[in-house]
Amino acid sequence: MEACRLTASEAARLIEKGELSVEDLTRSCLTRISERDPAVKAWTYVDPDAAIRRARELDKIRVARGSLGPLHGLPFGIKDMIDTADMPTTNNSPAYFDNRPSHDADCVRVIRATGGLVLGKTDTVEFAAGGRKALTHHPMKPGTTPGGSSSGSGAAVGDFQVPLALGTQTGGSLIRPASFNGVYALKPTLGVVSWSGARQYSPSLDTLGWYGRSPKDLTLVAKAFRLPGIDDAEPESIGALKIGVVRSHNWSHAAAEGVEALELAGRRLGGAGATVFDLDLPEEFSALNDAQWAIMTMEGRAQFLAEYLSGHALLHQDFRDKVENREGITPETYLGFVNLAARCRALFDGLFGGQLDAIVTLAAPGEAPPGLDTTGNWVMNAMWTLLHAPCVAIPCHSGPNGLPVGVQIVGPRLSDARMLAIAEAIAPALDDKLVA
């Protein structure tokens, strides 16, 4: 098997045993990028020579020290609205085309400090918020969106160009591309991973997470970021799990293949021994997508004011409209939705306990839609982002065009470690690639 096709956890094990060098893994990824990126266009910046130099240094460290950081030698793609001191951070905006930050974002510092290798920057929707779309194509179907705003990150991991990549989510920008590209992703609880050094859109929603090709990959990164409880998490048994199937108040937006995916997930989980039941959410939750939109829109006004005043001509009309409040969000509307979100967070957390371990729901309405003028609908993600809940995307099914359709498991706030353990237990029953 080519090294670039290894999962991150497989590669980490081989590197630790001395059976795979960081240089060989990095060269394999760079070869894959050279072969595939002219069509996929996942990357905005890669410096192969710098990557090889860093890989050789990491190989020297492995030989000299013996003990390694949890991410030692693993290449990462970094979404191009997260600051890197040695690479441009363009935000996919004309105003930042030559932007060279002086410092790494905190998340990048954690990756480097625990042995990770920053391979390059991945394309994004402008400011991860609107405006210009990424140039990235779906790896399996050119001319089709890979999702967004974490377009390049999701596509690069799905296309075996890099084993791990950082993404962000304000609405559905992490989980939806995972579904479209057939990979795994974790959107953590809000605030457990530092946002410092990433471009802000909505402070009460913006969440930083990552992509991998297995639940173990996600856990490996979670340990580097010291997510609460991650070192003490116990393995889960699928036969002991109680899982609620949630169609939510947004079910009318599900495509036929989305309906099939969630029904299939329920059958497979039940067949594997889990206790599976339909779960209806309280009626108050029906307004959460509207609340997420209003809160995001109101908070975005402040975040783009500086560009509006200092670089108006370079700012996409999307952002001018946000600053000018073309949506007409009033303070009363904003505060009403903020209070609704607070109530629903407590209600949602209260659902879990002895009778419910996790919920399973759609990660996207269906497979990726055609065209690069859209990144797909985040209707199946917005409420979970607003609830600050941890979400784990798991591949499950495929649609009429043969493209992936995923589900996600969601739990109460700060249950990230347990959701990852549950994902590891249930993935063999859900993921088409693993189902016997």
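We're numbering straight along the sequence, starting at 1. Source: prediction; values computed, not measured.
- Counting only N and O atoms by type, the side chains of Asp80 and Thr90 include a donor and acceptor under 3.5 Å apart.
- Taken from OH in Tyr201 to OG1 in Thr297, the straight-line distance is 5.5 Å, to the nearest 0.5 Å.
- Taking both residues in full, the closest heavy atoms of Gly411 and Ala389 are given as O-CB, 3.3 Å, listed atom of the first, atom of the second, then distance.
- Counting non-hydrogen atoms of other residues, nucleotides and ligands closer than 6.0 Å to CZ of Arg226 gives a total of 12 or fewer.
- Formation of a donor-acceptor pair under 3.5 Å by the Asp83 side chain with backbone atoms of His103 is not found in this model.
- In plain terms, the two heavy atoms of Cys107 and Ser194 that are nearest each other are CB-O, 4.4 Å.
- In this structure, Pro404 and His138 have side chains that are in contact, with non-hydrogen atoms separated by less than 4.5 Å.
- At a threshold of 4.0 Å, the pair Arg32-Glu2 does not count as salt-bridged, since none of the basic side-chain nitrogens sits closer than that to a carboxylate oxygen.
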Criterion side-chain contact (heavy atoms from CB on, under 4.5 Å) on Arg176 and Thr375, from CA distance to verdict: CA-CA 9 Å; Arg176 188 172 77 266; Thr375 60; 3.1 Å; yes
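- A donor-acceptor pair shorter than 3.5 Å can be found between the side chains of Ser9 and Thr7.
- In this model, a donor atom of one side chain and an acceptor atom of the other lie less than 3.5 Å apart for Glu299 and Ser204.
- Of the options Val360, Leu241, Val392, Ile394, a side-chain contact (heavy atoms from CB on, under 4.5 Å) to Ile422 is made by Leu241 and by none of the others.
- Minimum interatomic distance between Thr84 and Asp104 (heavy atoms only, all atoms of both residues): CA-OD1, 3.3 Å.
- Counting heavy atoms from C-beta on, the side chains of Phe76 and Val221 come closer than 4.5 Å.
- Counting non-hydrogen atoms of other residues, nucleotides and ligands closer than 6.0 Å to NZ of Lys242 gives a total above 12.
- Side-chain N or O atoms of Lys121 include one that pairs as donor or acceptor with a backbone N or O of Ile82 at under 3.5 Å.
- Side-chain atoms of Asn401 and Glu367 form a donor-acceptor pair, as typed in the model, at a separation below 3.5 Å.
- Rounding to the nearest 0.5 Å places CG of Leu281 at 11.5 Å from CZ of Arg247.
- Remark: the Arg62 side chain and the His72 side chain contain no N/O donor-acceptor pair separated by less than 3.5 Å.
- Nearest heavy-atom pair, Leu25 versus Ala11, reported as atom, atom and distance to 0.1 Å: CD2-CB, 4.0 Å.
- Distance alone, capped at 3.5 Å, places no donor-acceptor pair between the Glu424 side chain and the Pro215 backbone.
- Between the side chain of Ser153 and the backbone N or O of Ser151, no donor-acceptor pair lies under 3.5 Å.
- How far CG of Leu420 is from OG of Ser415: 9.0 Å, rounded to the nearest 0.5 Å.
- Side-chain contact check for Thr136 versus Val40: some heavy-atom pair is nearer than 4.5 Å.
- No more than 12 heavy atoms of other residues, nucleotides or ligands shown are found within 6.0 angstrom of CZ on Phe97.
- Interatomic distance, OH of Tyr334 versus CD1 of Ile329, reported as 11.5 Å (0.5 Å rounding).
- When atom types are taken as modelled, the side chain of Asp159 and the backbone of Gln161 share no donor-acceptor pair closer than 3.5 angstrom.
- Considering Lys322, Arg301, Arg199 as possible partners of Glu307, the one that fulfils the salt bridge (Lys or Arg N to Asp or Glu O under 4.0 Å) test is Arg199.
- A distance-only check finds a donor-acceptor pair linking the side chain of Asn92 to the backbone of Lys133 [under 3.5 Å].
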Could you walk me through whether Trp251 and Leu362 pass the side-chain contact (heavy atoms from CB on, under 4.5 Å) test, one step at a time? CA-CA 9 Å; Trp251 191 241; Leu362 280 181; 3.6 Å; yes
Starting from the C-alpha separation in whole Å, work towards a yes-or-no answer on side-chain contact (heavy atoms from CB on, under 4.5 Å) for Phe127 and Ser93. CA-CA 7 Å; Phe127 297 118; Ser93 169; 3.5 Å; yes
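- In this structure, Thr145 and Pro369 have side chains that are in contact, with non-hydrogen atoms separated by less than 4.5 Å.
- Taking each heavy atom of Pro94 and Glu126 in turn, the nearest pair found is CD-OE2, 3.9 Å.
- Within the 4.5 Å cutoff, side-chain heavy atoms of Pro163 are placed close to those of Cys29.
- Under the 3.5 Å distance criterion, the side-chain polar atoms of Arg413 are left unmatched by any main-chain donor or acceptor of Thr189.
- One finds no salt bridge joining Asp24 and Arg27 here, because no Lys/Arg side-chain nitrogen approaches an Asp/Glu carboxylate oxygen to under 4.0 Å.
- Proximity of Phe180 to Pro146: side-chain heavy atoms (C-beta onward) are nowhere separated by under 4.5 Å.
- Under 3.5 Å, the side chains of His397 and Glu260 contain a donor-acceptor pair of N or O atoms.
- Two residues are said to be in side-chain contact when any heavy atoms from C-beta on lie closer than 4.5 Å; Leu347 and Phe285 meet this criterion.
- Using cut-offs of 30° and 60° on the angle between ring planes, the pair Phe319 and Phe304 is tilted.
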What's the verdict on side-chain contact (heavy atoms from CB on, under 4.5 Å) for Asp416 and Phe225, showing C-alpha distance, side-chain angles and the deciding distance? CA-CA 12 Å; Asp416 308 62; Phe225 279 94; over 6 Å; no
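- Summarising the geometry of Gly171 relative to Thr385, their closest heavy-atom pair is O-OG1, 2.7 Å, with the distance given to 0.1 Å.
- A 6.0 Å sphere centred on CH2 of Trp378 holds no more than 12 heavy atoms belonging to other residues, nucleotides or ligands.
- Note that NZ of Lys79 and OG of Ser150 are 3.0 Å apart. Values are rounded to the nearest 0.5 Å.
- At a threshold of 4.0 Å, the pair Arg132-Asp123 does not count as salt-bridged, since none of the basic side-chain nitrogens sits closer than that to a carboxylate oxygen.
- Atom NZ of Lys41 has more than 12 neighbouring heavy atoms from other residues, nucleotides or ligands inside a 6.0 Å radius.
- No salt bridge links Asp86 with Arg54; every basic N to acidic carboxylate O contact stays at or beyond 4.0 Å.
- The main-chain N or O of Arg418 is never found under 3.5 Å from a side-chain atom of Glu234 such that the two would form a donor-acceptor pair.
- Here the side chain of Trp210 pairs a donor or acceptor atom with the backbone of Leu218 at under 3.5 angstrom.
- Here Met419 contributes atom CE and Leu414 contributes atom CG; the two are 11.5 Å apart, rounded to the nearest 0.5 Å.
- Environment of CZ in Arg109: sparse, with no more than 12 heavy atoms of neighbouring residues, nucleotides or ligands closer than 6.0 Å.
- When atom types are taken as modelled, the side chain of Asn181 and the backbone of Pro139 share no donor-acceptor pair closer than 3.5 angstrom.
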